[in-house]
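Below you'll find the structure, written out as structure tokens, and then a few comments.
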Amino acid sequence: MLKRVCLFVVMLMMLASVAWSADGTFEVPVDMQKLMPADAVILAVTTSVNELDRHWRQIEEMLDEDSGGGTDILGGIAEYMPQAAAYLDLDRPLALMVGMPDPMSGQEPAVTLILPVNDAFDDEAMQALELDDGAVTLREGDYLALSMDPAFQPAASLPALARDLAPGFMSCRVDLDTLLETLRPLVDMGVAAMAARSAVPDSSGTAAPATDAEEIATLQEMMNAIMDSARRFDLAMSVEGEELTLFTGFAVHPGSPLDSGPQPSFEDALQLTRLLPPGGDIIQAMALDQTRQFEVFKPYYLLSLEQGLGEMEAAQAEAYRAWLETYLSSIDLFARPLAATVAM
């Protein structure tokens, strides 16, 4: 399981943007800001339940026109929060925030919902809410916080987690710096457990271990690089007409192993488009150097590929190995400004 997660993370790190730039940011209402906990590491906000429901159904239709039914967000809220749902304002933003306790403490993640309430929500309705043991409620203006954290306290000012969020009908952010630091002991224990299992032969005493020492050491080195580098992950979705825009942003610490370093000039890439033949339906210009990031993942990537080659026929494996060598030798070419055109 851990190995599959690592491969997914590798793909995510290589494909996600290092930084983001967008027109405007998600506006967090003032009353909502005053209810946000300081120690959350995950934040998800939406412009309104109605917009989330409408756009989500639209996205499902875009991806699968024959899906029928679809996700019933409004019905889900009514089922899981019957009392709060009666007072929920469906046309204003709401937020979900999650804090991550020490994984060794045995505590559950601290979940806080910040809900817009309508005019019918009064003191009597507040008192009538049936909450789980330890749950906390707090109201600020026309917003209500429902927290599963008995020690819930709003931050003195807007948390950094909620600042400059990417725009869209839904925007999410993960404080990877804090989250990975909290989970690091758990990750280290998982890698150590893999090492312990790999040292034990099966019942016949002849089979090779599923994960050898080289692979474990390579995996540990890659995981350390990720945890030392990652700072923040952003995700946002917006829909305009028939166009769906999905934004992902991955921020790293300057000078860390995943810091991409100095980048080539995009202006040079644009100038190269003048040399392209006319008549192209698609024109691409790119100036992105990811060679430093690739070096972090390259050892584990090659090790995983080598294991896959061992399952191929000899001729097929040899042809694939030759292609791989050509590919690896040309990676630095893509670190320079380039332009391309495609005629359909």
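- Note: Arg163 CZ to Thr25 OG1 = 12.5 Å, rounded to the nearest 0.5 Å.
- Using a 4.5 Å heavy-atom cutoff, the side chains of Met237 and Leu244 are in contact.
- Under a hydrophobic-cluster definition in which Ile, Leu, Val, Met, Phe, Trp and Tyr are linked whenever side-chain heavy atoms come within less than 4.5 Å, directly or via other members, Leu113 and Val41 are assigned to the same cluster.
- The minimum heavy-atom distance linking Leu309 with Ala317 is given by the pair O-CB, 3.7 Å.
- Between the side chains of Asp89 and Asn118, not a single donor N or O lies within less than 3.5 Å of an accepting N or O.
- Shown here for Leu35 and Arg139, the closest heavy-atom pair between the two residues is CD2-C, 4.3 Å.
- Contact check for Phe121 versus Asp142: no side-chain heavy atoms found under the 4.5 Å cut-off.
- A donor-acceptor contact shorter than 3.5 Å links the side chain of Gln58 to the backbone of Gly241.
- When atom types are taken as modelled, the side chain of Ser330 and the backbone of Tyr327 share a donor-acceptor pair closer than 3.5 angstrom.
- No donor-acceptor pair under 3.5 Å is formed between the side chain of Ser256 and the backbone N or O of Val252.
- By the rule that hydrophobic residues join a cluster once side-chain heavy atoms approach within less than 4.5 Å of another member, Leu305 and Ile331 end up as members of one cluster.
- With Ser171 contributing its side chain and Ala166 its backbone, the two residues share a donor-acceptor pair below 3.5 Å.
- Here the shortest heavy-atom pairing between Ala230 and Leu180 reads CB-CD1, 3.7 Å.
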Practice problem: Starting from the C-alpha separation in whole Å, work towards a yes-or-no answer on side chain to side chain contact (heavy atoms under 4.5 Å, CB included) for Leu144 and Met126. | Solution: CA-CA 9 Å; Leu144 174 70; Met126 181 90 159; 3.6 Å; yes

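- No donor-acceptor pair under 3.5 Å is formed between the side chain of Asp53 and the backbone N or O of Val49.
- At a threshold of 4.5 Å between non-hydrogen side-chain atoms, the residues Leu52 and Thr47 do not count as touching.
- Hydrophobic clustering (ILVMFWY, side-chain heavy atoms < 4.5 Å, transitive): Leu288 and Leu272 are in distinct clusters.
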Exercise. Please lay out, stage by stage, how Thr291 and Glu295 fare under the test side chain to side chain contact (heavy atoms under 4.5 Å, CB included).
Key: CA-CA 6 Å; Thr291 51; Glu295 287 301 315; 5.6 Å; no

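- Gln263 places a side-chain N or O within donor-acceptor distance of the main-chain N or O of Gly261, the cut-off being under 3.5 Å.
- Side-chain polar atoms of Thr178 and Asp175 form a donor-acceptor pair below 3.5 angstrom.
- Each of Leu303 and Phe294 belongs to its own hydrophobic cluster when Ile, Leu, Val, Met, Phe, Trp and Tyr are linked at side-chain heavy-atom distances under 4.5 angstrom.
- Atom CZ in Phe297 sits 12.5 Å away from atom OG in Ser304 (nearest 0.5 Å).
- By the 4.5 Å heavy-atom criterion applied to side chains, Ile114 and Met97 are counted as neighbours.
- Contact of the Asp177 side chain with the Arg232 side chain is not registered, since no non-hydrogen atoms from C-beta on lie closer than 4.5 Å.
- Using modelled atom types, one side-chain atom of Ser229 and one backbone atom of Leu258 make a donor-acceptor pair closer than 3.5 Å.
- For the pair Leu43 and Met36, the tightest heavy-atom approach, listed with the atom from each and the gap, is CD1-CE, 4.3 Å.
- A salt bridge links Asp228 with Arg184: at least one charged nitrogen is closer than 4.0 Å to a carboxylate oxygen.
- In terms of heavy-atom proximity, Phe334 sits nearest to Met286 at O-CE, 4.3 Å.
- Environment of CE in Met189: sparse, with no more than 12 heavy atoms of neighbouring residues, nucleotides or ligands closer than 6.0 Å.
- A side chain to side chain contact (heavy atoms under 4.5 Å, CB included) with Ile42 is found for one member of Leu161, Val111, Val98, Leu96 and no other, namely Val98.
- Side-chain atoms of Arg92 come within 3.5 Å of backbone N or O of Val117 as a donor-acceptor pair.
- Side-chain contact between Pro264 and Phe266 is absent, with no heavy atoms from C-beta onward closer than 4.5 Å.
- Note on ring orientation: taking the six-membered ring where Trp is involved, the planes of His55 and Phe169 are tilted (angle from 30° to 60°).
- Residue Glu27 qualifies as open at atom CD: its count of foreign heavy atoms under 6.0 Å is 12 or below.
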Exercise. Test Leu146 against Thr112 for side chain to side chain contact (heavy atoms under 4.5 Å, CB included), laying out the working first.
Key: CA-CA 6 Å; Leu146 297 175; Thr112 299; over 6 Å; no

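- The side-chain heavy atoms of Leu302 and Lys298, taken from C-beta on, include a pair separated by under 4.5 Å.
- For residues 268-293, there are no salt bridge (Lys or Arg N to Asp or Glu O under 4.0 Å) pairs, not counting sequence neighbours.
- Between Asp234 and Arg173 there is a salt bridge, since a side-chain N of the basic residue sits under 4.0 Å from a carboxylate O of the acidic one.
- For the atom pair CD of Glu318 and CD of Glu313, the computed distance is 13.5 Å after rounding to the nearest 0.5 Å.
- For the atom pair CG (Leu246) and OG (Ser238), the distance works out to 9.0 Å, reported to the nearest 0.5 Å.
- Within a 6.0 Å radius of CD in Glu221, other residues, nucleotides and ligands contribute 12 heavy atoms or fewer.
- Looking at heavy atoms from C-beta onward, Ser48 lies out of side-chain contact with Leu90 at the 4.5 angstrom threshold.
- Between Thr341 atom OG1 and Ile283 atom CD1 the span is 5.0 Å, to the nearest 0.5 Å.
- Under a 3.5 Å cut-off, the side chain of Gln33 and the backbone N or O of Val28 do form a donor-acceptor pair.
- Pairing each heavy atom of Thr273 with each of Gln284, the nearest pair is CG2-O, 4.5 Å.
- Taking CG from Asp119 and OH from Tyr87, the interatomic distance works out to 12.5 Å, rounded to the nearest 0.5 Å.
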Exercise. Test Leu115 against Tyr143 for side chain to side chain contact (heavy atoms under 4.5 Å, CB included), laying out the working first.
Key: CA-CA 6 Å; Leu115 309 172; Tyr143 270 87; 5.7 Å; no

